[in-house]
Structure formats: C-alpha cells, structure tokens
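Side chains are part of it too, since the values below use all heavy atoms of this structure and drop only hydrogens, waters and symmetry mates. Note that the numbering runs from 1 along the sequence shown for the chain. Computed from a prediction, not measured in an experiment: that's the story for all the values here.
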Amino acid sequence: MNSANALPAPSLRSPVAHPLVWLLALCLAHVVARVAVSPALKWDEAEQILWTQHLAWGYGAQPPLYTWLQWGMNQVFGPSVLSLSLLKHGLLALTYALMYLAGRELLGPRGAWWASASMLLLPALGWYSVRDQTHTILVTAMTGGAWWLLFRIVRRPRPLDFAWLGLICACGVLAKYSFVMVIGAMLLAALSVAESRRALLSRGWWLAPLVGVLVVAPHALWLFQHLHEATAGTLSKMQIQPERGLVKGLIALVDGLAGMLALFALVALWAFRKAWWKKPVAPAVPWAQRVLWRYLALTLLALLGMVVVAGVTSFKGRWLLPLLCVVPLAAFAARPELQQHPRAGRYTGAIVAIALVLLLAAGVRPWFSGARGDTDELNHDARALAGQLMGKGYDRRSPIIAADHMLGGMLRTRFPQAEVYACNADEQDVARCVADLTVRAQAGGQGWLLISRADRLEPHWWSTVLTAIGPQNQQVIELPFRMVRAGTPPAHYEYVWHPTARQP
C-alpha cells in the first residue's frame with residue numbers, strides 16, 4: 001500500500017537522479033529567457049499587472065488567489081516582467097515538485113520523475129502555460145498537491161495531513177473554480193476503494209472540510225454577491241448551445257482530449273512500444289491504480305455530461321489540464337515495471353529534448369513572429385514608447401487610460417507610480433469609462449494620458465471617446481517594432497496628454 005510495494009527502480013547516477021533540481025533549473029532558464037526577450041506583455045500578463053493595482057475578493061470571472069500572489073511579488077520586484085515570470089515559473093516548479101512527490105508515494109525515483117516531467121508533454125502546461133497563462137498554472141499545482149496528500153493519507157493517516165489537504169483544496173478553488181470538479185471526482189474515486197475510504201474516514205478527517213470552508217468562506221460570500229459577474233465570461237467561452245450543440249460538443253471534447261494527451265501518448269508508445277500491453281509483472285499499489293482510473297472515468301463522465309446535459313460546445317486545453325495532469329502518473333503506476341525497461345533511457349531523453357525545444361521556442365517566439373511579418377505584443381518596444389511619452393511631457397504619475405489592457409499593462413511596468421486603466425468595449429461602455437476617469441483625474445488635480453495602439457484598436461474607439469469628452473489635441477508616435485524583418489510597418493500609437501492646470 002505504499003512506495004515500498006512498488007517495483008524497485010534502478011539507482012540513477014545521471015542528472016535526472018535529482019529531478020527537482022533540474023526542473024527548477026529549467027524554470028529558472030525560462031525566467032531568464034522571458035525577461036531577456038521583451039519588456040512588453042501578453043494577454044494574461046497584462047491582466048495581472050492591472051489587477052494587482054488593488055486587492056479584491058474577486059476579479060471578474062477569476063478567483064483572487066493568483067492575483068494576490070502576484071500582488072505580493074510586485075511588492076518585492078515591482079510590477080514588471082521579472083515579477084510576472086518569477087511567480088509563473090515558481091508555480092510551474094511547484095507543480096513539478098508536487099507531482100513528483102505524489103509519484104514517489106507509488107513509484108521509484110525514475111517513475112516519479114516521469115510522472116512529473118511528462119506534464120511537459122501536455123501542451124497546455126508544456127507550452128501554453130509558458131507562453132501566457134496564470135490561474136491554470138496555480139490550479140494545476142494545487143491538483144498535484146491534492147494527489148500527493150491523498151496518497152500520504154492513505155499510506156499513513158495523520159490529522160495534520162488532513163488539514164493540509166483542506167488548505168490545498170481551498171487554494172485550488174481560489175485559483176480556479178473548475179477545481180471543484182477535481183475535488184469531486186477525486187473524493188468519489190477515493191471513497192469507492194476500500195483502502196482509501198478507510199483512511200479518509202480515519203481520525204482527524206473533519207479537519208479537511210473545516211479548513212477548506214474557513215479559507216474559502218470570505219470569497220464565497222463575495223461570489224454569491226457577484227455571481228453574474230463571476231460566471232458570465234466563462235459561460236460565454238463554453239459556447240453553450242443546448243438545442244443543437246450535441247455533435248459539435250462531442251467533437252470539441254474529443255478534439256480537446258486528443259490535443260491534451262496525444263503528444264504524451266505518442267512519445268510513450270515510441271519509447272516502450274508493446275510493453276504497454278504486456279501484463280504487469282506485479283501490481284505496484286493496487287488501490288492507487290483503482291483510485292486513479294476511477295477518477296479519470298468520473299472526469300470523462302462529467303465532461304460528457306457537460307456536453308449532453310448542459311450543451312457545452314467548447315473545451316479549451318487550459319480547462320482540461322487540471323483534470324488530466326495526473327494521466328502520466330496513472331499510466332506509469334499501472335506499468336511500474338517500465339522503470340526497468342531497456343528503453344527507459346529513450347523516454348527520459350525524449351522528455352529532456354522536448355523540454356529544451358520548448359525553452360528555445362520560448363526564447364525565439366518574437367523573432368519568429370517578426371520573421372513572418374505577423375507582429376506580436378512582444379514586438380512592441382515598451383522602453384522606447386515610455387521614453388517618447390516622457391519626452392512629450394508625460395509626468396510619470398498621472399492616470400493612464402489605454403484602449404486595450406495589454407497596452408495598459410505594458411505602460412504600468414514603465415510607470416509604476418501611475419494608476420492605469422483599460423477602457424474597451426469587451427468589458428464596459430467605453431464612452432462612460434473614459435469620461436468618468438478623466439473627470440475623476442481632473443477632480444483630484446491630476447492630468448491624464450489617453451492612448452491607443454493601431455494593431456489592437458477597436459473600430460470607432462477614438463470617435464466614441466472624443467464624443468464623450470470633447471475635442472482633444474491628438475498626437476501620434478510611430479516606433480519600429482523590435483525583432484521584425486526589414487520593411488515591416490512601424491507601430492502606430494495615438495495619444496492625448498492632458499496635463500494638470502498647475503503645469504506650464
């Protein structure tokens with residue numbers, strides 16, 4: 001019932017014998033690459049930079065924990081690309097570490113490393129989390145922690161571990177609401193197996209729900225009061241079509257599952273071939289295998305229910321990742337003898353190679369976009385734009401009103417003492433948003449900066465804004481994009497700088 005029952009894995013002398021050190025080194029390399037690549041921001045990065053201007057119990061459709069953590073990081077490193085990268089890749093390192101610990105409850109060091117590092121083969125974690133994700137990374141880390149604590153409790157129930165499990169589950173809910181599905185499927189699967197059921201109902205079990213409820217309660221109250229605000233965006237992204245969405249939903253679900261698991265399946269099959277279909281020499285931890293497979297079956301049934309009953313027709317990889325990140329662990333727990341397979345080194349080498357390719361891709365992505373002539377947010381020259389605005393008289397402190405949140409977030413990293421807002425049609429009435437902010441700034445004796453960029457400017461944005469606040473002296477800044485091929489048109493920014501009355 002514990003790791004002692006697992007097949008012994010060979011003692012490794014290569015660098016992967018200490019996987020957490022190397023996974024940490026990989027995450028640190030990604031931090032260096034991200035900081036070196038560009039001072040501009042992607043979608044989720046900019047969102048966090050703007051949200052962390054104020055602490056709140058919730059942020060639109062997202063629970064608050066990631067933003068709270070980012071706020072704390074900003075207090076140390078400032079609102080910057082470095083701060084964003086340190087938190088994101090620190091949480092990715094934590095994800096790998098917690099899944100490794102979960103694996104060590106069932107497998108030897110090599111199998112545990114595979115369970116952890118194989119998550120790099122899940123595109124939502126290996127690539128898209130590096131490219132631009134936030135809450136998904138935190139909830140995936142909490143999923144790994146929940147599995148580790150569940151296995152520890154079954155091996156040796158202790159009240160303290162129940163308390164930790166409650167805290168981890170609460171943090172998962174405060175990271176992303178979909179974690180409720182993880183908790184539900186995990187609990188039902190564990191209660192359906194005799195060994196894990198006895199452990200979960202042992203002395204101190206009540207600490208898990210008690211701690212979880214106490215931690216989540218303040219946000220739950222906020223959520224009850226802002227239910228529409230917190231759910232409207234997510235429901236829209238799910239594209240619910242109850243009358244005609246069954247076939248479309250089933251295709252989307254299959255496509256989402258295949259996109260999530262195909263690379264892992266292909267690499268595992270390439271490395272071990274027909275060994276996957278051989279009968280295991282001996283079961284490693286039979287109760288854990290039953291819990292894991294029942295969990296995955298329940299998860300699949302829940303996803304099917306979302307299609308058949310609720311009419312959901314869209315499944316994004318970041319939604320499926322917390323539910324499916326345990327698949328590599330389940331696979332290797334079912335075949336523990338692969339740790340001694342003659343081709344085991346080939347699988348390890350494939351993971352290392354893919355990790356290096358992903359690191360390289362993260363480092364060259366703006367050059368790749370620029371070479372295609374398809375400029376990206378990271379091709380904007382944030383430093384040069386800030387310098388031009390200061391040269392035109394901007395005082396670094398007055399409120400900034402941007403036409404999109406990525407431009408706003410980028411400018412806040414350059415002017416951290418200024419309040420920065422984004423007024424766009426996706427979230428509010430643009431005319432009212434700009435009018436209210438300019439009036440507030442003037443009432444407080446401040447100037448204000450209104451700015452847009454041509455490559456993400458909504459149609460009629462300026463005409464709508466100027467109708468609300470009256471004619472203004474619009475000015476233009478043109479700057480060459482960074483890391484682009486020759487002949488690429490420059491970035492085009494329009495702005496209005498309205499200084500305070502006290503300024504000459």
Side-chain angles (χ1 to χ4, degrees), residues 63 95 98-99 102-103 105-106 115 118-119 122 124-125 135-154 161-162 164-201 205 208-209 212-213 216 234 238 249-250 252-254 256-258 260-261 264 285-310 312 315-334:
T95 303
L98 290 172
M99 192 59 76
E105 297 293 327
L106 310 180
S118 293
M119 291 190 294
L122 308 181
L125 188 77
H135 302 84
T136 299
I137 302 169
L138 178 57
V139 75
T140 305
M142 296 304 99
T143 301
W147 281 111
W148 172 48
L149 288 166
L150 173 63
F151 295 150
R152 276 176 59 89
I153 287 170
V154 178
D161 282 338
F162 280 112
W164 278 112
L165 181 60
L167 178 61
I168 287 289
C169 289
C171 289
V173 173
L174 292 176
K176 210 167 182 67
Y177 300 125
S178 60
F179 191 73
V180 173
M181 188 183 297
V182 176
I183 297 173
M186 188 183 298
L187 181 61
L188 289 174
L191 291 176
S192 72
V193 176
E195 294 91 335
S196 52
R197 180 171 61 250
R198 283 195 299 270
L200 287 178
L201 298 178
W205 68 268
V213 168
V216 171
T234 299
M238 287 182 173
L250 291 173
L253 177 57
V254 172
L257 293 171
M260 177 66 62
L261 300 175
F264 165 68
V285 188
W287 66 263
Q289 291 183 41
R290 293 196 295 273
V291 169
L292 286 165
W293 293 122
R294 291 179 189 184
Y295 163 83
L296 292 172
L298 288 167
T299 298
L300 182 58
L301 286 174
L303 293 172
L304 285 171
M306 291 170 64
V307 174
V308 176
V309 178
V312 174
F315 292 89
K316 298 184 182 297
R318 63 178 181 270
W319 300 343
L320 297 176
L321 176 61
L323 299 168
L324 301 178
C325 64
V326 77
V327 166
L329 174 58
F332 290 115

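Side-chain contact between Ile153 and Trp205: absent, with no pair of heavy atoms (C-beta onward) separated by less than 4.5 Å. Here the side chains of Arg290 and Glu195 are in contact, with some heavy-atom distance below 4.5 Å. Between Ile183 and Val173 the shortest side-chain heavy-atom distance falls below 4.5 Å. A heavy-atom distance below 4.5 Å is not found between the side chains of Leu324 and Leu122.
Residues Arg318 and Ala124 approach most closely at N-CB, 4.3 Å, considering heavy atoms. Nearest heavy atoms, Leu329 versus Gly103: CD1-CA, 3.7 Å.
Residues meeting the side chain to side chain contact (heavy atoms under 4.5 Å, CB included) test with Ala170, sequence neighbours left out: Val215, Val216. Residues satisfying the side chain to side chain contact (heavy atoms under 4.5 Å, CB included) criterion with Leu187, sequence neighbours excluded, are Leu191, Leu200. Residues forming a side chain to side chain donor-acceptor pair (under 3.5 Å) with Ser118 (at least two apart in sequence, or on another chain): Tyr347.
Residues in residues 167-186 take part in no salt bridge (charged side-chain N to carboxylate O under 4.0 Å, His left out) pair, two or more places apart or across chains. Applying the salt bridge (charged side-chain N to carboxylate O under 4.0 Å, His left out) definition to pairs two or more places apart or across chains, those involving residues 144-154 are Arg152-Asp161. Applying the side-chain hydrogen bond (donor to acceptor under 3.5 Å, both in side chains) definition to pairs two or more places apart or across chains, none involves residues 140-151.
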For residues 292-304, dump all side-chain donor-acceptor pairs below 3.5 Å to protein atoms at least two apart in sequence or in another chain.
| residue | atom | partner | partner atom | Å |
| --- | --- | --- | --- | --- |
| Arg294 | NH1 | Ser192 | O | 2.8 |
| Arg294 | NH1 | Ser192 | OG | 3.1 |
| Tyr295 | OH | Leu323 | O | 2.9 |
| Thr299 | OG1 | Tyr295 | O | 2.9 |

